[in-house]
Amino acid sequence: MPCNGHFRCDAVVASFKHGAGTREVGQLAVWSVTSAKPGNGVDMLRDGREDTYWQSDGMQPHLVDISFQKKTRVSTLAVLLNYKLDESYTPRQLAVRGGTSYTDLKEIRTVEVNEPQGWVVIPLGGEEDPSLGVKLFLLQLMIVSNHQNGKDTHVREVRVHGPQQATHAALSDRKNDGELELSASLAAQFDTVR
C-alpha cells in the first residue's frame, strides 16, 4: 500500500486489461527515451508485443518521457517486465514523475519490485479517489536501479491509462442505426454519400 508515494509491489499482475471507466491515453503522447541500443528503441515500448523490448544504452537512471500536447489526466502507468528472460536487465526500482515541463517535475510514486513477471501497475491518483489520477503535460518513468546491479535495462511494454471522458454532446445525438444526425442546413449536404 502507498506510504508517502513509496511502496513495494510484490504482487505483479500476470495479464493486464485496463478497468471499466478508463482508457489508454498513451497514443495521444510523443514518446522518447534517454538512450537505446540499435534495433531496441522507443517504438518497442508501444508495439503491443511481449517478445520485444526497449533496451537502454548508457548510465542510470534511464528515462522514458511521455509528452502530451494538452494537459491530460492520467490514473495508472502499467509496465511489462520479465525477470525470467531479462535477469539483470530487469528494473528493480521505478520512479514516476509528472508536471507541465522538465523544470517542474515532481515525484508521484516510487515502486520497488522483486523479480517481476508480468505487468507492474502503478496507481498515480490520490488517496481520496485514485481513479481521478493526475493532470499533466509530461509524465516521466525513471528506472532508478536494476536487479543484480545491472547497468542497462529492458522494458517490454508501457501503457498509460486515464479516466474515461464523457462523449461530446453533439456526438451523442445519433440515429437508431448509429449514424450521426446532421441538422444544420449547411451540414445536411454531407448527410449522404453519392
Side-chain angles (χ1 to χ4, degrees), residues 1-13 16 18-19 22-36 42 45-46 53-81 83 86 88-116 118-163:
M1 199 65 184
C3 179
N4 295 329
H6 183 83
F7 65 101
R8 292 191 64 80
C9 186
D10 296 322
V12 177
V13 181
F16 176 67
H18 60 86
T22 66
R23 64 186 179 116
E24 217 283 334
V25 295
Q27 78 278 2
L28 302 175
V30 174
W31 293 66
S32 62
V33 293
T34 50
S35 66
V42 67
L45 292 173
R46 303 287 299 163
Y53 51 84
W54 161 60
Q55 181 176 338
S56 63
D57 186 19
M59 300 295 293
Q60 288 176 340
H62 305 297
L63 304 174
V64 177
D65 293 328
I66 306 162
S67 303
F68 295 96
Q69 186 175 3
K70 62 180 186 173
K71 217 169 198 182
T72 304
R73 192 169 293 279
V74 177
S75 54
T76 59
L77 181 71
V79 182
L80 181 60
L81 304 174
Y83 180 78
D86 300 329
S88 67
Y89 289 93
T90 309
R92 180 169 182 80
Q93 186 176 21
L94 305 164
V96 181
R97 304 189 305 177
T100 58
S101 70
Y102 291 101
T103 59
D104 71 349
L105 287 176
K106 295 202 180 344
E107 194 164 291
I108 300 170
R109 205 62 93 210
T110 301
V111 179
E112 286 184 34
V113 292
N114 186 27
E115 300 182 6
W119 288 98
V120 176
V121 181
I122 305 168
L124 304 178
E127 298 290 325
E128 310 83 46
D129 190 357
S131 65
L132 288 179
V134 291
K135 205 166 185 182
L136 42 72
F137 280 105
L138 178 63
L139 182 65
Q140 187 177 72
L141 172 63
M142 178 189 300
I143 288 82
V144 180
S145 66
N146 289 336
H147 284 76
Q148 304 169 11
N149 295 320
K151 181 180 119 180
D152 289 327
T153 196
H154 286 182
V155 176
R156 295 185 171 269
E157 189 84 15
V158 178
R159 294 187 188 160
V160 183
H161 293 99

Looking only at heavy atoms, the pair that brings E24 and V160 closest together is OE2-N, 3.0 Å
Problem set entry | Working for side chain to side chain contact (heavy atoms under 4.5 Å, CB included), residues L139 and L77 | CA-CA 9 Å; L139 182 65; L77 181 71; 4.1 Å; yes
(Q) With side chain to side chain contact (heavy atoms under 4.5 Å, CB included) as the criterion, how do D86 and R156 come out once you've worked through the C-alpha distance, each side chain's angles and the decisive distance to 0.1 Å? (A) CA-CA 10 Å; D86 300 329; R156 295 185 171 269; 2.8 Å; yes
dist L124:CG -> R73:CZ (nearest 0.5 Å) comes out at 12.0 Å
Q. Got a donor-acceptor contact below 3.5 angstrom from the S88 side chain to the Q148 backbone?
A. no
Residues pairing under ring pair (Phe, Tyr, Trp, His ring centres under 6.0 Å) where one sits in residues 136-159, two or more places apart or in two chains, turn out to be Y53-H154, Y83-H147, Y89-H154
inquiry  = Show, in sequence, the C-alpha distance, side-chain angles and deciding distance for R92 and N146, and conclude whether the side chain to side chain contact (heavy atoms under 4.5 Å, CB included) test is met.
reply    = CA-CA 5 Å; R92 180 169 182 80; N146 289 336; 5.6 Å; no
Smallest heavy-atom separation, S35 atom then G58 atom, equals OG-N, 3.8 Å
In this structure, CG of L94 is separated from CD1 of I143 (nearest 0.5 Å) by 6.0 Å
Separation between CD1 (I122) and NE2 (H161), nearest 0.5 Å, reads 13.0 Å
Checking L45, D65, D57 against V33 for side-chain contact (heavy atoms from CB on, under 4.5 Å), the one that qualifies is L45
Heavy-atom closest pair (G99 atom, L105 atom, distance to 0.1 Å) is N-CD2, 3.7 Å
Heavy atoms of S67 and L138 approach each other most closely as OG-CD1, 3.3 Å
Nearest heavy-atom approach of A36 to W54 is CB-NE1, 3.8 Å
Here the gap from R159 atom CZ to Q27 atom CD, rounded to the nearest 0.5 Å, amounts to 11.5 Å
Here the gap from Q60 atom CD to M142 atom CE, rounded to the nearest 0.5 Å, amounts to 11.0 Å
Side chain to side chain contact (heavy atoms under 4.5 Å, CB included) for K135 and V74? Distances and angles first, verdict last.
CA-CA 6 Å; K135 205 166 185 182; V74 177; over 6 Å; no
The reported gap from CZ in R97 to CG in L136 (rounded to nearest 0.5 angstrom) is 13.0 Å
